[in-house]
Amino acid sequence: MSSREPLVERMRPFGTTIFSEMSALAARTGAINLGQGFPDTDGPPEMLAAAVQALSSGANQYPPLPGIPALRHAIAAHEQRFWGLSRDPDSEVVVTAGATEAIAAAVLALCEPGDEVVCFEPYYDSYAASITLAGAVRRPVTLRPGPDGRYGFDEAELRAAFGPRTRLVLLNTPHNPTGKVFTAEELALIAALCQEHDTWAVTDEVYEHLVFDGVHTPMATLPGMRERTLRISSAGKTFSCTGWKVGWATGPAPLVSAVQRVKQFLTFVNASPLQPAVAVALALPESYFTGLTAGLRANRDRLVAGLTAAGFDVLAPEGTYFVTADIRPLGGTDGVAFCRELPGRCGVVAVPTQVFYDHQEAGRHLIRFAFCKRPEVIDEAADRLKAL
Ligand SMILES: *Cc1c(COP(=O)(O)O)cnc(C)c1O
């Protein structure tokens with residue numbers, strides 16, 4: 001056995017994710033797992049039936065590199081219907097193995113080694129790894145809870161994050177893990193900086209339909225931003241099928257083509273029989289999308305009430321699957337220690353958000369709960385949390 005360390009140096013800081021540890025803890029203790037964000041119910045029956053149909057009628061070989069035409073057309077029609085963005089399905093849409101692959105391919109395609117990526121921390125865990133794989137450097141801007149109980153950022157800190165090596169802004173709105181929906185003013189400021197510094201915007205909008213207060217505005221709809229924005233989304237959250245890994249990127253043809261160039265050597269293609277099913281789902285009537293939002297809004301309200309009653313300082317989310325809570329009123333100081341003890345204390349699993357920051361002290365006292373679960377599961381969790 002060689003004594004050589006197999007993992008390249010730049011990936012060594014990335015251990016196994018906190019989700020594995022906390023999900024294993026949930027399994028071992030029988031606790032309710034509000035750690036990882038996956039729904040405990042299936043997506044729309046029309047979509048599931050279409051997948052079964054495709055699977056049993058021969059859609060089992062390599063689809064075309066950019067995705068099957070039916071899905072690319074459905075993605076373009078969906079963007080037109082909800083966001084007024086018109087896309088050419090043949091040159092401005094590419095299907096990917098989840099939003100995760102789209103993010104990785106975008107960063108790998110757009111960044112030279114040493115280029116800088118502006119992003120908002122806490123961030124989705126694949127961002128730091130993708131940026132590192134590309135040899136690029138992250139320039140995090142910290143989202144902090146304000147006196148109004150909402151997350152915001154400091155304009156000066158954002159301005160200072162931009163510089164001559166800035167290649168792109170990687171923006172997630174609605175934002176995981178904070179549940180923040182970036183406001184029109186915040187987006188306008190980010191857009192102005194992108195234009196001033198001639199950078200790309202890569203936007204992760206997987207929670208585009210999960211907004212409970214306010215509205216979601218795609219960056220690509222702001223003046224001057226369509227030409228420089230790559231918009232990423234996915235079926236996973238919108239259609240409760242996180243295991244399917246069908247995502248996509250849309251944008252101007254040169255950006256989409258750059259992503260496709262890298263993507264073809266990461267996975268080439270994926271999910272042949274699921275692609276027609278997602279095309280069906282994207283064309284579902286308005287009532288599907290409003291029903292999804294209404295159900296999750298009610299779940300959010302249940303969990304926020306439960307956490308408040310348990311004594312947490314709750315940061316009510318405007319969107320997504322998640323709510324973050326401050327553990328200090330309950331005597332906690334460190335989210336990692338708190339989450340390791342939580343299953344033993346009351347049979348519930350949450351995740352500490354400090355692991356999603358470069359400046360971990362900013363999130364040391366914050367933990368995240370997922371509410372994409374059946375109402376009775378949330379009620380049971382809220383009941384158990386009263387033991388705190
Ligand atoms: C879940 C999630 C993703 C991953 O989407 P997939 O389609 O499963 O790859 C990407 N970004 C954010 C912010 C997420 O929460």
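Numbering of ligands and ligand atoms starts at 1, following listing order.
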Q) Side chains of T142 and E121: is there a donor and an acceptor less than 3.5 Å apart? A) yes

Q. Just checking, any donor-acceptor pair under 3.5 angstrom between side chains of N176 and Y123?
A. no

**Q.** Per-residue contact class, Y321 against ligand 1 - non-hydrogen pairs under 4.0 Å
**A.** neither

Q. Looking only at distance, does E101 have an N or O less than 3.5 Å from an N or O of ligand 1?
A. no

Q: Provide the closest heavy-atom pair for L230 versus L255 in the form atom of the first, atom of the second, distance.
A: N-CD1, 4.0 Å

**Q.** Aromatic F182 / basic K180 pairing, under 6.0 angstrom, 45° off normal
**A.** yes

(Q) Tell me the protein heavy atom at minimum distance from atom 15 (O) of ligand 1, and give that distance in Å. (A) Y207 OH, 2.7 Å

Q) Which residue and non-hydrogen atom of the protein lie closest to atom 7 (O) of ligand 1, and at what distance in Å? A) S234 OG, 2.6 Å

Q: Just go through D204, T96, V206 and tell me whose heavy atom is the nearest to atom 11 (N) of ligand 1.
A: D204

Q: Give a yes or no answer on whether the side chain of K263 reaches the backbone of F268 with a donor-acceptor pair at less than 3.5 Å.
A: yes

Q: Check each heavy atom of H175 against ligand 1 and say whether those closer than 4.0 Å belong to the side chain, the backbone, both or neither.
A: neither

Q.
Given the ring of F322, does R368 sit roughly above its face, with NZ or CZ under 6.0 Å from the centre of the six-membered ring and within 45° of the axis?
A. yes

Q | Distance, nearest 0.5 Å, that separates NZ of K373 from CD1 of I378 | A | 9.0 Å

(Q) Under 3.5 Å, is there a donor on one side chain and an acceptor on the other for E79 and T250? (A) yes

Q: Ignoring angles and geometry beyond distance, decide whether Y127 reaches within less than 3.5 Å of ligand 1 through its nitrogen or oxygen atoms.
A: no

Q: Say whether G98, considering both its backbone and side-chain N or O atoms, lies within less than 3.5 Å of an N or O atom on ligand 1.
A: no

**Q.** Enumerated ligand 1 atoms positioned under 4.0 Å from heavy atoms of K245
**A.** 6 (P), 8 (O), 9 (O)

**Q.** Nearest protein heavy atom with distance in Å, relative to atom 2 (C) of ligand 1
**A.** K237 NZ, 2.6 Å

Q.
Using a 4.0 Å cutoff against the non-hydrogen atoms of N172, which atoms of ligand 1 qualify?
A. 13 (C)

Q: Assert yes or no for the condition that the ring centre distance of Y207 to Y321 is strictly below 6.0 Å.
A: yes

Q) N/O to N/O below 3.5 Å, does that happen between Y124 and ligand 1? A) no

(Q) Which residue and atom name correspond to the protein heavy atom nearest atom 5 (O) of ligand 1, and how close is it? (A) A99 CB, 3.5 Å

